[in-house]
Chemist: 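Before I ask anything, here is the structure I am working with.
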Amino acid sequence: MSKEAAELRKHAPSVIIGAYDISLQDKAIAAFPTVDRCSEVDSPQLGVLSEAFPAHIDQRTGEEIQDMAVVWMQGHLIAVSMFCGAREKMNEWQSKSLCSQIINEHPTLTLMEFILFCSRLRSAKYGKFYGSIDPAEILGSLDLFLKDKRQDIARHMEEVERQRREKEWEESRKNAITYEEFLRRKESGEYPTLSKLEQAEKQSPPVEKKLHI
């Protein structure tokens, strides 16, 4: 088990589910206008949650315990389906298989990112659901969401780089000196290498210019 999964196991599943409940879908778009902003919340990754609380058989009761990440995702997708008023719902097998596939293909997707994805589905950002919500539509919408994520991250990195260059330019302007101050410092001997080069140039014999006819 990874270190991240072991740390997550210190918390009761009910605490994690409570911290990332369905009500966050109502607020996610306003709180995170771009996908990269989700990183402001240190939420677990789906793959880590699945590793920390995997599907297993309870040795005491013999009861089958489902993968917690799958159960959590199913709850959020059901909320989307209910919000959109879809007449035809995914059956249990479709829903479970869809969630497992998303975890396997995108284990680094965080819980907060998945909540934002569900919130965007409700807002029809990736198209409307006509009568039903099926796994193929969800996966297609997720591809668009991940494309947005890559673009948002690239845009953020460009902005950080632009701000860094502007800061360097401002610092260089603060440290810049006037031409008069440069001359004064040179005369006072603050630039000995430059003075030596100028002196050597003065002492160099003039180059004869030959006229070629």
Chemist: Rounded to the nearest 0.5 Å, what's the gap from CD on Glu161 to CD on Glu166? Could you check?
Modeler: 11.0 Å
Chemist: Side chains of Pro44 and Glu4, heavy atoms from C-beta outward: is any pair under 4.5 Å?
Modeler: no
Chemist: With a 4.5 Å cut-off on side-chain heavy atoms, are Phe53 and Ile16 touching?
Modeler: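 Yes, at least one pair of side-chain atoms sits under 4.5 Å.
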Chemist: Against Glu159, only a single residue in Met157, Arg155, Gln163 fulfils side-chain contact (heavy atoms from CB on, under 4.5 Å); can you say which?
Modeler: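 Result for side-chain contact (heavy atoms from CB on, under 4.5 Å) with Glu159: Gln163.
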Chemist: Could you measure the distance from the CD atom of Glu113 to the OG1 atom of Thr108? Nearest 0.5 Å is fine.
Modeler: 7.5 Å
Chemist: Taking atom CE of Met68 and atom NE2 of His56, what is their separation to the nearest 0.5 Å?
Modeler: 12.0 Å
Chemist: Does CG in Asn91 sit with more than 12 non-hydrogen atoms of other residues, nucleotides or ligands closer than 6.0 Å?
Modeler: yes
Chemist: How many angstroms lie between CD in Gln101 and CG in Asn104, if you round to the nearest 0.5 Å?
Modeler: 8.0 Å
Chemist: How close do Asp21 and Ser23 get, counting heavy atoms only, and between which atoms?
Modeler: OD1-OG, 2.6 Å
Chemist: Mark yes when over 12 heavy atoms from residues, nucleotides or ligands other than Met1 sit less than 6.0 Å from its CE; otherwise mark no.
Modeler: yes
Chemist: Starting from the C-alpha separation in whole Å, work towards a yes-or-no answer on side chain to side chain contact (heavy atoms under 4.5 Å, CB included) for Val48 and Glu7.
Modeler: CA-CA 10 Å; Val48 173; Glu7 286 294 321; over 6 Å; no
Chemist: Go through the steps to decide whether Asp67 and Ser100 satisfy the test side chain to side chain contact (heavy atoms under 4.5 Å, CB included), and finish with yes or no.
Modeler: CA-CA 9 Å; Asp67 185 315; Ser100 296; over 6 Å; no
Chemist: For the residue pair Phe117 and Ser141, establish whether any side-chain heavy-atom pair is separated by less than 4.5 Å.
Modeler: yes
Chemist: Would you check, one step at a time, whether the test side chain to side chain contact (heavy atoms under 4.5 Å, CB included) holds for Gln45 with Leu109?
Modeler: CA-CA 5 Å; Gln45 297 177 348; Leu109 195 69; over 6 Å; no
Chemist: Quick one: are Gln74 and Gln66 in side-chain contact, heavy atoms under 4.5 Å?
Modeler: yes
Chemist: Let me confirm one number: the NE2-SG distance from His76 to Cys118, rounded to the nearest 0.5 Å.
Modeler: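 Here the rounded value is 6.5 Å.
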Chemist: For Arg120 versus Pro33, what's the shortest heavy-atom pair and its separation?
Modeler: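 Answer, listing the atom of Arg120 first, then Pro33: NH2-O, 3.4 Å.
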Chemist: Which heavy atom of Cys84 sits nearest to which heavy atom of Arg122, and what is that distance?
Modeler: SG-CA, 4.3 Å
Chemist: Do Val41 and Thr110 have side chains that approach each other closer than 4.5 Å (heavy atoms only, starting at C-beta)?
Modeler: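 With C-beta onward as the side chain, the pair stays apart.
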Chemist: For Ser43 and Leu111, which heavy atoms make the closest approach, and how far apart are they?
Modeler: OG-N, 3.8 Å
Chemist: Taking all non-hydrogen atoms of both residues, which atom of Leu77 and which atom of Ile138 are closest, and how far apart?
Modeler: CD2-CD1, 4.4 Å
Chemist: Does some side-chain heavy atom of Arg150 sit less than 4.5 Å from a side-chain heavy atom of Asp148?
Modeler: no
Chemist: Check whether any side-chain heavy atom of Ser81 sits under 4.5 Å from a side-chain heavy atom of Met90, and report yes or no.
Modeler: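 Answer no - side chains too far apart.
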Chemist: For the backbone of Glu63 and the side chain of Asp58, can you confirm whether one donor and one acceptor N or O come within less than 3.5 Å of each other?
Modeler: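 No; zero donor-acceptor contacts below 3.5 Å.
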Chemist: So, the side chain of Trp72 versus the backbone of Tyr20: is there a donor-acceptor pair under 3.5 Å, distance only?
Modeler: yes
Chemist: For the atom pair CG (Leu121) and CZ (Phe145), what is the distance rounded to the nearest 0.5 Å?
Modeler: 9.0 Å
Chemist: With sequence neighbours excluded, tell me which residues meet ring pair (Phe, Tyr, Trp, His ring centres under 6.0 Å) with His106.
Modeler: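 Not a single residue meets the ring pair (Phe, Tyr, Trp, His ring centres under 6.0 Å) criterion with His106.
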Chemist: Shortest non-hydrogen contact from Ala5 to Ala52?
Modeler: O-CB, 3.5 Å
Chemist: Going by heavy atoms in the side chains, are Ser50 and Val70 under 4.5 Å from each other?
Modeler: no
